[in-house]
Each structure stands twice: as structure tokens, then as C-alpha cells.
Amino acid sequence: MRHIWKNPRVLLALVAAIILLVFLPRVVAHFDTRHTNLFAVLLIVGGAILFYTFRAQQGVKYFVRKIPGIAAIEEAVGRATEMGRPVLYVAGTQDLDNVQTVAGITILSSVAKRVAEYDAHLEMPTSRSLVMTTARETAKESYLAAGRPDAYNEEHIYYVTDEQFGFVAYVNGYMVRQRPATCIYMGAFFAESLIFAETGHSIGAIQIAGTAQPQQLPFFVAACDYTLIGEELFATSAYLSQDPKLIGSLRGQDFGKAFVMLFILLGSILSTLALLFKSGALTVLAHWVQAFFTIKSS
Amino acid sequence: MIRVTLPVLLTSVIGLLLVAAFFFRGMDRVNSDLSEYFNIIAAVAFILGGGNLVRMHLDKVQRRRPGWPYSIVTVVAFLFTLIAGLFKIGNAQGWTGPVEAQGSWFNFTYDAMFNPLQATMFSLLAFFVASASYRAFRARNVEATLLLGAALIILLGRTFVGGLLTSWLPERLAFLSIPNLSNWIMSTVNLAGARAIIIGIGLGVISTSLKIILGIERSYLGGRES
Amino acid sequence: MSAFMDRVGRMDRRWIYLAIALAVIIPLIARLSFPVITTPIVQNIFDKIDGMPEGSRMILSADFGPSTVPENMPMLQAVLRHALQKKLKVYLLTLWATGIPQLDAVEQNVLAKDFPDRLAGQDWVNLGYKAGNQGVINAAFSDFPGAFPVDSKGRDVRTLPIMEGVKRIADFNLIICIGSGFPGTKEWIQFGGDPSHVPVACGVTAVEAPLLYPYYPRQLLGLMGGLQGAAEYEAVLVKHYPEYEARSQEAIQRMGPQTVAHLVIIAFIVLGNLAFFAGGEWRGKRA
Amino acid sequence: MTLGPWLEMWVGALLTLMILSFLYRDNPFYRFAESLFVGVSAAYWMVEAFWTTLVPNLFGKLYPPMVSFALPALAKNPPQISRIIPLLFGVLLLLRLVPHLAHWSRMAMALAIGFAAGTNLVRYLESDFTSQIGQSIRPLVVTQPAFSLGGTISALVVVFGTLSGLVYFFFSKEHKGAFGKVSKFGIYVLMISFGAAFGYTVMARISLLTGRMEFLGRWISQGFTFPG
């Protein structure tokens, strides 16, 4: 901890802290009191995530359970290389303002690195121009990191159309004609999830899907070989990159889940006892716990 | 410096600004302005996306690569719709009329081609939901059996067959009848599963967004450390 | 036998596509319709309206646009017919700008056609659209005439006999929302029903329904889910009031292909599992 | 039926049949419809973006007289200099076309990703995290109006189903022993809710096909009598 003040990020934090202190009185005056409880929740959960990230950076090793879907990505890229057929990657059908799409791009970074190492063919049609430009930048860097900048071909990442079903019509056509050996769907999907998965199955491809759209999970779970369910999509980048900081943040997320479970249990037991013993004090306490997590109508 | 540090710094500033705008009063314009900025950038990006689309297909035609006649169809359809829309050809009120005004060529391409194509692609789901059900709902293991059982009860519950199948149940066991059972599954087990997933997603989004804002997650700018 | 089952187990998917296509086309051509059994979640709405005394006040909110008319309109018409049959006072309104044409359509093909004797402003009123989403319900909770000052024809509501004694949402006996998204049933429950203790029922699209089950039965006395829900209400309405048989068939008619397609899918699932068990795949070999 | 709608019905019907032909197998008709759809729809959204975003929000606000030919109403507004910012980022993005300046386009992407992180963080914090905890808190027993066993069982299933579902999502703890059993119960709850959600939405998908078949039916009955 001796060289802490040399680390640029710590310096940045110090500067930010000083600015905050100077403007603190005016800042506090403008604080929107309706969101106090949300601010507290953010501090607790966000704080835990940052704490474990920082400790992981200091070298603390954290265990992470195996997620079959993520382990299958490595194997699936290898299979595509053996069969000499492309890897199809779709980062969802939404724009860059959806954080699931950003997760899809961060996962692309690791997948592109493996594709470069295996010298396989990565094909990535996109449904938004911004996603195309960002994905090209990310993939070029990954090929560079894998030491194969020459193998990167910008033409394999291209914009098709913004229209949800126009994009589906194109990708369906690509699948049945080029017959990719592996199909990876990571990001926000809507009704088109099942069309991709069923067409992909009809050409015998290994399919790995990950999305945080609850309504689409049943279709991916039913039709794909592996499915990353909700939060697992956001953990994939940490698993694939094995970056200690990212692994640490998963520990923080687990703290968040424990926090949630504690208060659901506490609130429920309190309200049950309040109901059974008709005790005013318990009812007030139970209501306070529930009110803390209830949004005041704006 | 330009390649990683500056973009990460900008991402952090924009992210922190938006989070602050939520927790502090008097910053409402931040949200509306930044979302308009995003829409403008996404609109400008069309030039890159659309331009690349046309260049890719023209290149395919020039080099006579397999399937090049279909690229002609795409380019012609693209240019026809683009010109009809940008110049509002056939629009009764001329420049000031809404771009989708009745009678305009742009509206014709929408009604005659865009709409039926979209509706028919969407309707393929009816076929795929059937083939997926046939293939996926097999009692391979416990999880697959639960998936199958729940789907069957709900499917039966949505038809008169469900009611008939269990109408013989005595009044005391009426809660086991398929219609009641499917309502119960929807309002308890389905609710519990949905809640667990939504809370998990909430945590995942909060964690990912925080890592992006604080520059911890930067692999989208390439794996190499700055 | 197991050879046949083996082939069934790996049947070409295109047979399934053909079966689904026929399952939709044949009922359409043959105008096939099936008996529709009303489940409790829909029956509760019917029983509630049927049990309300003459002159009770009912809010009927049409919160949906043109794209979901096939699912929502049959619900709106069936509930409106039933309420007018029971001589309830019906307050038609909408929180969606695109809901206005739906109210006009209902005025023509239900009120004008089946109940020409009922007087606008006396037995029923069309309060039209008000912008503000849940803000409108919030305002109406404490001052209903203030939230809806004029009806769809522009007349001041205070001059309408139907508005006598109507100060707040609590003065109503039932709230029914026919909706497909936001603002919709959830907002009517959170800002209307819960605070005023007025019972709420709803008719929503199939996609919207699962999100509302948690409110049933305590905060939502009944729910019509998708075309199935609409058909169930039409069925129970016609059973009690056969005179509406002719015009209350829309949802039941369109249920034909739905029912046959569902049965075909169920048959395939069962067939697939029979083949799976007959094929011996489940005896530990890698499935 | 006048010529316009009659023509639209024929074009629509032919395209419908071309797309449906994909179900049999990939063929030139489907490939034609697909290529047509990509071209028409890409241009459609580009035109929408131009007339609903670039003209009113960028050029219309930066220098209103510039767009008076299409939006006369805006002409009187004062120019908003702040619109230089999105214009600048738009130019930065277009620098991708200039090889040695291409990396400057990352600034535009950085703004977009910062926007995504900032907006999604607070929205999910409020509606998908905190409020879900609030709604999950409920008494484990139902006594209003009278004690009901069914209601109590349902309440227990909901609360402990949610908790075990959450346990399944733990990353940094081995799913073994008691923890493993709860996690197993959690995945069972998830599977039942996936099966139920799948079954529930089948109806919505079938009605999509019913709509198309009704359209083809109208085409067959009315399409073959030449209008007027």
C-alpha cells in the first residue's frame, strides 16, 4: 500500500473527493430526498462490488463456480475451426444504449481473441450501425492482443438493417447457406430469439445464448444447447477474461444477493409475526422495511 | 493516451453525470439532452452502416461473387426507398408533409413491401414454437421434465380440453383441476422464478454499469491494458 | 413398433410445420368454433357485474391502441354489453391518445346498435382521452370531475345527470381496464383501486397477462388474458343472455385456429416423449 | 377495390408466400424477398432517422432557418449553440472513414456507452432491483378474511421460490451440500417458470399466423377480380 498515491486512479479519486468537499453544502441542498433509500441501496451494493474488486486487484483469489455455457464457448470455437466453418456471433438486436448490448460487445472481445488464436472465421452481422463500428474496434484490438493483427478482416463485421425482422430474414438466410458450426447470441433479444435458435438447430450448429430479457429466456432455454440466464450474461466477460478485478466484482454481486435475501426474509418474517400476534410495534417495523424498498410515486 | 484513457474518461464523466442527474434536483435537462445527443449520434452512424451495406453489395456485384444478382435487388430496393423518402416523392404536401403521408412512394413501399414482409417473418414463430416444443419438451432429466410439465399444464389450461380432462375431480380437489392449477403456477412459481431472474439481472446491470463508469470494465476498447 | 417410434422421435420438422399450417387454415375455412369453458379468473368479473344493483357506477377504461384491437376490442364490447344489460352507469374513458378511436367504435357498434334507448350523459358517458398517464388517475382519485372536466363532445360534465354525486374514484363501485401496456391495469390498481378500495378487474393482451397474475385475487378480482379471456367472457355472457349470441362471437370465432393449433402442439409433445421413452434413449445413453 | 390497394394486396401476398417458402427450404424466392426486405427496411429506418432526428433535433435546433423548407414552424426559434456538441461527436464518428484518424471515433462510442451505463444503472436500480425486493416482502401466512391453507402455501412458495432462485445465481460459492440443494431447488423453480411462460405465449404466436392466413384468404377471394 506504500505506492498508493502513484496510482493514477487513486489520484483521480482524490481530486474528485476534494471537488466534492468544496461544493458539498450546495450539492446536499439539491439532493432529491425521494431517492434517499435508492442512494443508500446503491452505496451498499455498489460499495460491496468495488470493495471486492479492489481486494481482488490486491491479489486475493476468489473461487468462481463453473458455468457450462461459458466453458462451452471455448470448445465451440475449436469445433468450428476443426470443421472449417464460421462462428456466427450476434450481439443482440438493440443499440448501444442498452447495457446488454455493451455486455455482448465485451464478450465479443474474448471470443474474438479465441477466434484469432484458433485462426477460425468470425462472422458478425449487426442490427445497428453504432454496434458495427464499436464491434469492429473491439475485434481489431482482440486480434492485436492475440498477436494476429493480419488475420483481422473488417468485412466480417457488417451492418445489415435496423429492422428487427429484416435482420432476422438475413441471418436465417446466412445460416442455411453458410452453415456456421457455432452460433453465439449475447445481448438483448426480443421475439426473434426463437427464430434464430430453431434455424440454428436445423443446420446442426452448437448454440450458446445469453440474454437478460426475461420473456425470451424460455425460448433460448428450450431451443439452444447452452443458455446464460440473466445475471450470467453479465458475468461471462469476467469468466472469459479471467481478469481478477472482474472476478472480484462477481463476489460483490453475491454480497448484493445475500443482502436482498436477508431483507426479503427479515421483512416477510416480521410481517408474518405482526399479523399473527397483531402487535403494533412489529407492524410498524415490517412496514418500515417494506417502505424502504418501495418506490415513492414520482 | 487517445486510444484508451480519453474514451474511458469521457464514459466515466457521462455516466457519473447521468447518475447524479437522477439523485439531484435541477439536472433534468442532462437526461433529455444526452438522450437526444445519443439519438443524433446513432442517426449519423447510419451513414457508416448504410454506406457499408451499399458498398458491400456493390462490391459483390462487381466481383460477380456467388449470389450477386440478389445484391442488385438489395441495392435497388435500398436506393429506391431512400430517395423516395429523403425527397418525399409523391407526397401531397410536398416538403412539409409527414414522410409517411398517404399516396407518397415511401408510404407505398411501407404498405406494399415492408409491412407484409415484417408480419410474415413474425408469423414464422407459430411454426417454430411448435417444432421447438416437439423437440425440447422431452423428459430427459428432472429439469427438462419440470419444463415439460409446466408447459403442458399451461397449454392445456388455455383450451377447453384442460377443463374437460379434470372436470371429474370432486369439489374438494377442485384446486387440482388444470385451469386452477395453471392459474396457481402462473401466480406463484412463475412469479417466484421471474422475481429471482429480474433481481439477478438488476444486480448484473448495476455491477456492469458501475464497472464501465469507473473504467474497471474496458475490454470493449480492446483487451490490452492501457 | 420401436422402429416407427424411432422415426417419429426424429421426424422431419417440416411435417410439424405442415400440421400447424393446416391447424390454422382448416378452422378458418370451416368457421370451426369450440365450446369455451369460462375459468374462475374470468367468471369472477361476470359474477361481479351480474351482482351489482341497477344504477351502480362503473369506470370502463379503453387503454389500448389499434395494434391490439383483435385481442382487446372483443373484451371491451362484451363487458360494455353486460354492464348496459344490467342498467349500470358506465363511464367510458381512455389514458391512451390512440384509445379515442376505440371509444368511438364502441359507441357505434354497441351503444347505437344494441342500446339505442340509453341516453348519453344519463346512462353512459364518453369522457374521451386525458394526457398524463397515472397522473390522471392520481388527480381523479381526489377530484374526478376535475380530472375529466368535459366529455368527448366537449360538454361540461357538471351539467350531465350521470355525474351527480360523483366527486372521487371512491364514489364508483367497479373499475375495469381493458389494456395492453403502460399506462394500464397496473396503474389503475396502484393509483386507483388500492387507495380507494374500489374493486378492479381487467382484460389485457396475452403478453401482458403474466405480469398481472401477482395482483390476482387480492388487488385484482378478475383478469381476461388474451383472446382466450375474451372468448371466455363472451361464452358466459351468451349463456346468461342468449339475445347477444349473434354479435358476441368475435373472440370465440377466432379461437378456432388457436384451439386446434394448441391441440396439435400438445399432441406433438406427447408423441415426442412417447418416442423418447420407446427409443430407450432415457436408459442412460447420452440423450 | 381501386388499383392502388389491389396492387398492394398482390405485392403483399406474393411476398408473404415467398417468406413462407423458407419453411420448406432455402430457395431463390425466399432469397429475393430477404434481399428486398434488407434493402427496403435499411433505407426506411435511415429516412426515419433523418426526418425525425437529424432534421428537427440537430439541424432544426442548431440553425432553424436551415430546415424551414420542411419545418416552417421551427424557423422562428433561436439557434441552440449546444447542438454543436452532438454535431462534433457525429463528425468524430465519421472520422472512421479516415484511416489514420479512425481511433478518434472511439470518443463517440465512449459517449454512447457512458450513456448506456448511466441510464441503465439508475433505471434497473429503481424498478428491477429495489422495488422487486419491496414486492417480495409479504406475510408468509394468509389470515384475511380467514386462515387459508392454500393462501399460506402459495405465499411460502413465492417467498422461498424467489430466495432459492437467487441462490442458484451465486457465483463465488461452491454449489455443494445444503447450499447445493437450495440451488437445485432454485433451478427447478426457474425451469417451471420457463415452461409456464413458454406455454402461455404460444397463443400469441399462433394468432400471428392466423392474421397472415386471413390476409391470404382475402387475397384469394378478392385478388382475382380486376378492380374498377
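Labels below follow one simple rule: chain letters A, B, ... track the order of the sequence lines, proteins then strands, and each chain is numbered from 1. On a predicted model such as this, the values are computed, not experimentally measured, just so you know.
Proximity to chain D (any heavy atom under 4.5 Å) is shown, for A/Q215, by neither the backbone nor the side chain. For D/M191, the part sitting under 4.5 Å from any heavy atom of chain A is the side chain, from C-beta outward, and nothing else. Residue contact with chain A, scored on non-hydrogen atoms closer than 4.5 Å, involves the side chain of D/R96 exclusively. With a 4.5 angstrom heavy-atom cutoff, D/F169 touches chain A via backbone and side-chain atoms both. Contact annotation for D/V159: only side-chain heavy atoms (C-beta onward) come within less than 4.5 Å of a heavy atom of chain A. Only the side chain of D/T201 has a heavy atom closer than 4.5 Å to any heavy atom of chain A. Only the side chain of A/E154 comes within less than 4.5 Å of a heavy atom of chain D; its backbone N, CA, C and O stay farther away. With a threshold of 4.5 angstrom between heavy atoms, D/R25 does not approach chain A through any atom at all. Both the backbone and the side chain of A/V99 have a heavy atom closer than 4.5 Å to some heavy atom of chain D. Using a 4.5 Å cut-off between heavy atoms, A/A286 does not touch chain D at all. Heavy-atom distances place the side chain of D/F160, and not its backbone, under 4.5 Å from chain A. There is no contact between D/Y44 and chain A, counting heavy-atom distances below 4.5 Å. Only the side chain of A/T199 comes within contact range of chain D, judged by heavy atoms closer than 4.5 Å. With a 4.5 Å cut-off on non-hydrogen atoms, A/Q100 touches chain D through its side chain but not through its backbone. Of the two parts of A/Y62, neither the backbone nor the side chain holds a non-hydrogen atom closer than 4.5 Å to a non-hydrogen atom of chain D. With a 4.5 angstrom heavy-atom cutoff, D/L93 touches chain A only via side-chain atoms.
The closest donor-acceptor contact from the side chain of A/E192 to the backbone of A/F189 lies at 3.5 Å or more, if one exists at all. No donor-acceptor pair under 3.5 Å is formed between the side chain of D/T130 and the backbone N or O of A/L38. A donor-acceptor distance shorter than 3.5 angstrom exists from the side chain of A/Y152 to the backbone of A/R136, with no hydrogens or angles considered. In this structure, the side chain of A/D97 does not engage the main chain of D/I113 through any donor-acceptor pair within 3.5 Å.
With respect to chain A, the highest number of heavy-atom pairs below 4.5 Å among D/R205, D/M46, D/Q132 belongs to D/R205. Comparing A/F167, A/F263, A/F219 by how many heavy-atom pairs each has under 4.5 Å with chain D, the most go to A/F219. Taking D/G134, D/S127, D/A43 one by one and counting their heavy-atom pairs under 4.5 Å with chain A, the maximum is reached by D/G134. The greatest number of non-hydrogen atom pairs below 4.5 Å with chain D, out of A/N172, A/L217, A/I247, A/L276, is found for A/N172. Of the listed residues (A/A258, A/G46, A/A238, A/S268), the one with the most heavy-atom contacts under 4.5 Å to chain D is A/S268. Counting heavy-atom pairs under 4.5 Å between each of D/S172, D/A108, D/A116 and chain A puts D/S172 at the top. Ranked by heavy-atom pairs shorter than 4.5 Å toward chain D, the options A/T134, A/V102, A/I105 are led by A/T134. Contacts with chain D were tallied for A/L96, A/D95, A/V45; A/L96 has the most, counting heavy-atom pairs under 4.5 Å. Per-residue counts of heavy-atom pairs under 4.5 Å with chain A were compared for D/G39, D/A42, D/S35; the largest is that of D/A42. Counting heavy-atom pairs under 4.5 Å between each of A/I269, A/T133, A/V160 and chain D puts A/T133 at the top. Across D/F171, D/F194, D/Y30, the residue that shares the most heavy-atom pairs under 4.5 angstrom with chain A is D/F171. Contact count against chain A (heavy-atom pairs under 4.5 Å) is highest for D/P139 among D/A102, D/S193, D/P139.
When the shell of 6.0 Å around CZ of D/F179 is examined, it contains more than 12 heavy atoms from other residues, nucleotides or ligands. Taking a 6.0 Å sphere around NE2 of A/H287, one finds it holds 12 or fewer heavy atoms contributed by other residues, nucleotides or ligands. Around atom CH2 of D/W51, more than 12 heavy atoms belonging to other residues, nucleotides or ligands sit under 6.0 Å away.
Taking the six-membered ring for Trp and thresholds of 30 and 60 degrees, A/F255 and A/Y52 have ring planes inclined between 30 and 60 degrees apart. Ring geometry, A/F259 versus D/F129: the interplanar angle falls under 30°, so the pair is classed parallel (tilted spans 30 to 60°).
We find that A/D162 and A/R128 are joined by a salt bridge, their nearest charged nitrogen and carboxylate oxygen being less than 4.0 Å apart. Look at A/E137 and D/R106 and you find a salt bridge, because one of the NZ, NE, NH1 or NH2 atoms lies within 4.0 Å of a carboxylate O, short of that distance. Of the charged side-chain nitrogens involved, none lies within less than 4.0 Å of a carboxylate oxygen, so that A/D254 and A/R251 do not count as a salt-bridged pair. Checked for salt-bridge contact, D/E8 and D/R218 miss the test: no charged N lies under 4.0 Å from a carboxylate O. A salt bridge between A/E232 and A/R65 is present, with a side-chain N of the basic residue lying under 4.0 Å from a carboxylate O of the acidic one.
Separating the CG atom in D/L166 from the OG atom in D/S183 is a distance of 11.0 Å, to the nearest 0.5 Å.
Relative to the six-membered ring of D/F170, A/K257 meets both conditions, a distance below 6.0 Å and an angle of at most 45° to the axis.
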